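Every chain is numbered from 1, with letters handed out A, B, ... down the list of sequences. Bear in mind the structure is a predicted one, so any value in this text is a computation, not a measurement.
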2 protein chains.
Amino acid sequence: MLRNSKACRSNCPINFVLETFGDKWTLLIVRDLMFHNKRTFLEFMESDEKISSNILTERLRRLEDHGIVEKNTSPNNRSSFIYTLTSKGADLLPVMLEVTAWSAKHDSSTNTPDGFLDAFNSDRDGVISSFRSVINTDRK
Amino acid sequence: MLRNSKACRSNCPINFVLETFGDKWTLLIVRDLMFHNKRTFLEFMESDEKISSNILTERLRRLEDHGIVEKNTSPNNRSSFIYTLTSKGADLLPVMLEVTAWSAKHDSSTNTPDGFLDAFNSDRDGVISSFRSVINTDRK
DNA sequence: CTGTATCCTTAGGGATACTG
DNA sequence: CAGTATCCCTAAGGATACAG
């Protein structure tokens, strides 16, 4: 459910992702959920890029509004919150891996795991499915 | 050659693309070059999202700085400029198609060509290569 | 036509303090 | 711990005019 829906600039599918991910922070949260097994506010705060707390609060809420992230109270600790990707969020995996491959190809200074690019180029589907199996998704 | 290089926030490949594409406009220019055969300033101005001229000027320059777009004077008209994707820019095609597929799957209001999603899911490589062959790239 | 320049408004974001 | 609230500054962006 959308808390506040903005007018779309167009119905282009590229524009559609920009309405959600067209900023410098949102995709980093998805990355942390997807590849770094992060799931709490503090864990997101600790990432290298040093997001500030007010921005993090707002971006998490927007991701929740867009159905990409789900927020639940931790079963054992009631004042702790756990963020997980929904299946819609997990569906971003191919996008994320293509982005990673592009960066790895065109910027040698990016920290991509050794052999990723070769593995991805030779067995893309295999790499995707092996990642998919370990993603932190909500399973009810 | 970079006109002004900013400090990177991290060496993460996801962050790397955000340094270039982490805004609401840049990717739309790539989309126009890649899928709509646009190549002049005016053509970019005419897109549905209504970018303003000062933003367009700055984004084109940044894309040129990052080696994603090339700017050349038109051979027949000396005061006219033609923008084309470099091979680095054209390498974004798989990313763009994955983004399109994600949007098409999760937002029914996006204007995606009929049958794209099915074609892409069943013959991804075929779809990519057929797109690749018609992309407006600089070939010298 | 292809931009630049300027002015102005709004959104993004950093720092910090504070609450349940 | 998990945020919210506030203050303040800068960056992003819209409108418009203008230059080569």
Peer 1: Identify the pairs formed between an N or O of the protein and an N or O of nucleotides 3-7 of chain C at a distance under 3.5 Å, and give each distance.
Peer 2:
| residue | atom | partner | partner atom | Å |
| --- | --- | --- | --- | --- |
| dG3(C) | OP1 | Lys71(B) | NZ | 2.8 |
| dG3(C) | OP1 | Tyr83(B) | OH | 3.1 |
| dG3(C) | OP2 | Tyr83(B) | OH | 2.7 |
| dT4(C) | OP2 | Thr57(B) | OG1 | 3.3 |
| dT4(C) | O4 | Ser53(B) | OG | 3.0 |

Peer 1: What's Leu42(B) touching, base or sugar-phosphate or nothing? Going by heavy atoms closer than 4.0 Å.
Peer 2: sugar-phosphate
Peer 1: Answer yes or no: does atom NZ of Lys105(B) have more than 12 heavy-atom neighbours from other residues, nucleotides or ligands under 6.0 Å?
Peer 2: no
Peer 1: To the nearest Å, how far apart are Glu49(B) CD and dA12(D) C1'?
Peer 2: 17 Å
Peer 1: Rounded to the Å, how far apart are Ile29(A) CD1 and dG13(C) P?
Peer 2: 11 Å
Peer 1: Specify the separation, in whole Å, of atom CD of Glu46(A) and atom P of dG3(D).
Peer 2: 14 Å
Peer 1: What residue pairs, at least two apart or across chains, pass salt bridge (Lys or Arg N to Asp or Glu O under 4.0 Å) with a residue in residues 110-124 of chain A?
Peer 2: Glu98(A)-Arg124(A), Arg124(A)-Glu98(B)
Peer 1: Partners of Phe41(A) by ring-ring contact (aromatic ring centres under 6.0 Å, His included), sequence neighbours excluded?
Peer 2: none
Peer 1: Rounding to a whole Å, what distance do you find between Leu56(B):CG and dC1(C):C1'?
Peer 2: 13 Å
Peer 1: Mind checking what makes side chain to side chain contact (heavy atoms under 4.5 Å, CB included) contact with Lys38(A), not counting sequence neighbours?
Peer 2: Asp32(A), His36(A), Glu43(A), Phe44(A), Ser47(A)
Peer 1: Categorize Lys24(A) for me: base, sugar-phosphate, or nothing, with a 4.0 angstrom heavy-atom threshold over every strand shown.
Peer 2: sugar-phosphate
Peer 1: List for me each residue that meets ring-ring contact (aromatic ring centres under 6.0 Å, His included) alongside Phe35(B), sequence neighbours excluded, and say none if there are none.
Peer 2: Phe131(B)
Peer 1: Find the distance Trp25(B):CH2 to dT10(C):P and express it as a whole number of Å.
Peer 2: 17 Å
Peer 1: Could you give the CE-to-C1' distance, from Met45(A) to dA15(C), as a whole number of Å?
Peer 2: 11 Å
Peer 1: Roughly what angle, to 10°, lies between the helix axis at the start of the helix from dC1(C)-dG20(D) to dG20(C)-dC1(D) and the one at its end, five pairs per end?
Peer 2: 40°
Peer 1: Going by side chain to side chain contact (heavy atoms under 4.5 Å, CB included), name the residues that satisfy it together with Ser108(A), two or more places apart in sequence or in a different chain.
Peer 2: none
Peer 1: Can you list the residues that meet the ring-ring contact (aromatic ring centres under 6.0 Å, His included) rule with Trp25(A), with sequence neighbours excluded?
Peer 2: none
Peer 1: Starting at atom CZ of Arg62(A), determine the distance to atom C1' of dA11(C), rounded to an integer number of angstrom.
Peer 2: 11 Å
Peer 1: Can you measure Ile55(A) atom CD1 to dA5(D) atom P for me and round it to whole angstrom units?
Peer 2: 14 Å
Peer 1: Under 4.0 Å between a side-chain nitrogen and a carboxylate oxygen: does that hold for Glu49(A) and Arg31(A)?
Peer 2: yes
Peer 1: How would you list, by chain and number, every residue that makes a side chain to side chain contact (heavy atoms under 4.5 Å, CB included) with Asn11(B), sequence neighbours excluded?
Peer 2: Ser109(A), Asn111(A)
